[in-house]
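Hydrogens, waters and symmetry mates play no part in the numbers below; they use all other heavy atoms, side chains included. In what follows, chains are A, B, ... by sequence order, proteins preceding strands, each numbered from 1.
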Amino acid sequence: MRVGFCLCFPFEPAITMDSFAKYLLAWFDVHGRSNLPWQHPRTPYRVWLSEVMLQQTQVRTVIPYFERFVLALPTLIDLANTPQDRVLGLWSGLGYYSRARNLHRCAQMCVEQHNGELPDAMEALAALPGIGRSTAAAILAQAHDQSHAILDGNVRRVLARFHGLHGWPGQSAVQAELWRLAESHTPSRRVADYTQAIMDLGALVCTRSKPRCSECPLSGDCVARREGLTAQLPQPKPQKKIPTRELTMLIVRDHEGRILLERRPPTGVWARLWSLPQGDSLESASQSLSAAHAFANGRLSVLPEFAHAFSHYKLKVTPMLLQIETPEPKIADNPDRDWFASHELAELGLPAPVRKLLASLPPETEPCEPSTA
DNA sequence: AATCCGGGGAT
DNA sequence: ATCCCAGGATT
């Protein structure tokens, strides 16, 4: 198999597909994934939603979120007309919540600027919030069969190995070369299938560890395969130490089992999500509430510490439960602080560790003694 | 160019 | 425990 340009006879039509794409498409016709939820039906809205959910998130994780989301909000118009809190609630647990906020804003911009539809031109699409070069290309390829190259984690791995490209793909020079290679292989027809094919190859055959080279349609011309470098390519990100931050979370529960929650600030981690009062210590965590009343009438207990990992730092959380026995005075006019009954938590946009913590809480009927662990 | 932004699957 | 995933925005 030869990959690259063919010297064509002057009167032949232009070559529109290199052998890389031909072999890949032939493999895809037999082994590709054709039953993913966003493929049936494959509308621009559903493709867009799936692409955004799939940013830095694996297919298996996305599927149940996608199903729930399109059931609740079947169209772009539905999304544009729903409150942001509802979008965050549907996104809760998926992470990278700026994706949800951008998705929502994007839908409203489409209503205002694009006649209620997602644009079908590269420039207009990539200008929208949360849609970068690769996501725009994927949407145009999958929803409109337009010829644009994508470059995601799967494609990076396939191309780095196939061409024997060294260097960490995060380096701008390496990334630029990967984009060039991605464009060089992208055909002008069957683009939707090709785009799905190269991602499927990366996910199913050219896997990060133990690639199934014997099943690969491209192994004949794969440089990494030939040189025994499949385990070294692509080169990993240079790792660095991740710091640990300690955090106290305060669970204030009233006599009827309601929980006091605060909306997170608009920037930073968990932006605009509902979460527990938190701080470096019990004092700073309880700073915002009328502490005098609360502590005079409540029982305080320390719950088991737990860890939560982000990509760039680790959290050590000490949860403390403050059980209020007498009715708590109403909260002053503040849309960002409120009491929530346990049955209301399901639809709320909560950080995953907070959701887990609240779900594991001991029932309030039992006196809450400090754990003897 | 480096950092921030979550959560979880795979090993 | 470590890597990294259908990346994009910000600094």
Item to complete: Please list all pairs passing the salt bridge (Lys or Arg N to Asp or Glu O under 4.0 Å) test where one or both residues lie in residues 262-277 of chain A, with sequence neighbours left out.
Response: Asp85(A)-Arg263(A), Glu262(A)-Arg337(A), Arg263(A)-Asp336(A)
Worksheet item: How is Thr207(A) classified with respect to the nucleic acid when contacts are heavy atoms under 4.0 Å: base, sugar-phosphate, or nothing?
Response: nothing
Item to complete: For the side chain of Tyr97(A), starting at C-beta, report the closest nucleotide among dC4(B), dG6(B), dC4(C).
Response: dG6(B)
Practice prompt. Kindly write out the residues that satisfy salt bridge (charged side-chain N to carboxylate O under 4.0 Å, His left out) with Arg42(A), not counting sequence neighbours, or none if the list is empty.
Written response: none
Discussion item. Enumerate the salt bridge (Lys or Arg N to Asp or Glu O under 4.0 Å) contacts for residues 99-109 of chain A, please, sequence neighbours excluded, ordered by first and then second residue.
Written reply: none
Discussion item. In whole Å, measure the gap between the P atoms of dC4(B) and dA6(C) for me.
Written reply: 24 Å
Response to the item:
Nucleotide by nucleotide, nucleotides 6-11 of chain C touches protein heavy atoms under 4.0 Å in the pattern (B base, S sugar-phosphate only, - none) BBSS--
Practice prompt. In whole angstrom, give me the gap between the P atoms of dG7(C) and dA10(B).
Written response: 16 Å
Practice prompt. List in chain and number order the residues that pass side chain to side chain contact (heavy atoms under 4.5 Å, CB included) with Asp78(A), two or more places apart in sequence or in another chain; answer none if no residue qualifies.
Written response: Leu73(A), Pro74(A), Thr75(A)
Fill in: Same apolar cluster: Leu178(A) and Leu229(A), side chain cutoff 4.5 Å
no
Item to complete: Return the residues of residues 236-248 of chain A meeting this criterion: a heavy atom under 4.0 Å from some atom of DNA chain B. Order them by number, or give none.
Response: Lys240(A)
Practice prompt. Could you work out the separation of dA9(C) and dG8(B) based on their C1' atoms and round it to a whole Å?
Written response: 23 Å
Show me the side-chain donor-acceptor pairs of residues 116-143 of chain A shorter than 3.5 Å, one per line, residues at least two apart or across chains.
{"residue": "Arg133(A)", "atom": "NH2", "partner": "Glu183(A)", "partner atom": "OE2", "Å": "2.8"}
{"residue": "Ser134(A)", "atom": "OG", "partner": "Leu151(A)", "partner atom": "N", "Å": "3.0"}
{"residue": "Ser134(A)", "atom": "OG", "partner": "Leu151(A)", "partner atom": "O", "Å": "3.4"}
{"residue": "Thr135(A)", "atom": "OG1", "partner": "Gln55(A)", "partner atom": "NE2", "Å": "3.0"}

Worksheet item: Please, which pairs that meet ring pair (Phe, Tyr, Trp, His ring centres under 6.0 Å) have at least one residue in residues 106-152 of chain A, sequence neighbours excluded?
Response: none
Practice prompt. Pick base, sugar-phosphate or nothing for Arg208(A), based on heavy-atom distances below 4.0 Å to the nucleic acid.
Written response: base
Item to complete: Pick base, sugar-phosphate or nothing for Gly93(A), based on heavy-atom distances below 4.0 Å to the nucleic acid.
Response: sugar-phosphate
Worksheet item: Taking only residues two or more places apart in sequence or in another chain, which ones pass side chain to side chain contact (heavy atoms under 4.5 Å, CB included) with Glu246(A)?
Response: Lys316(A)
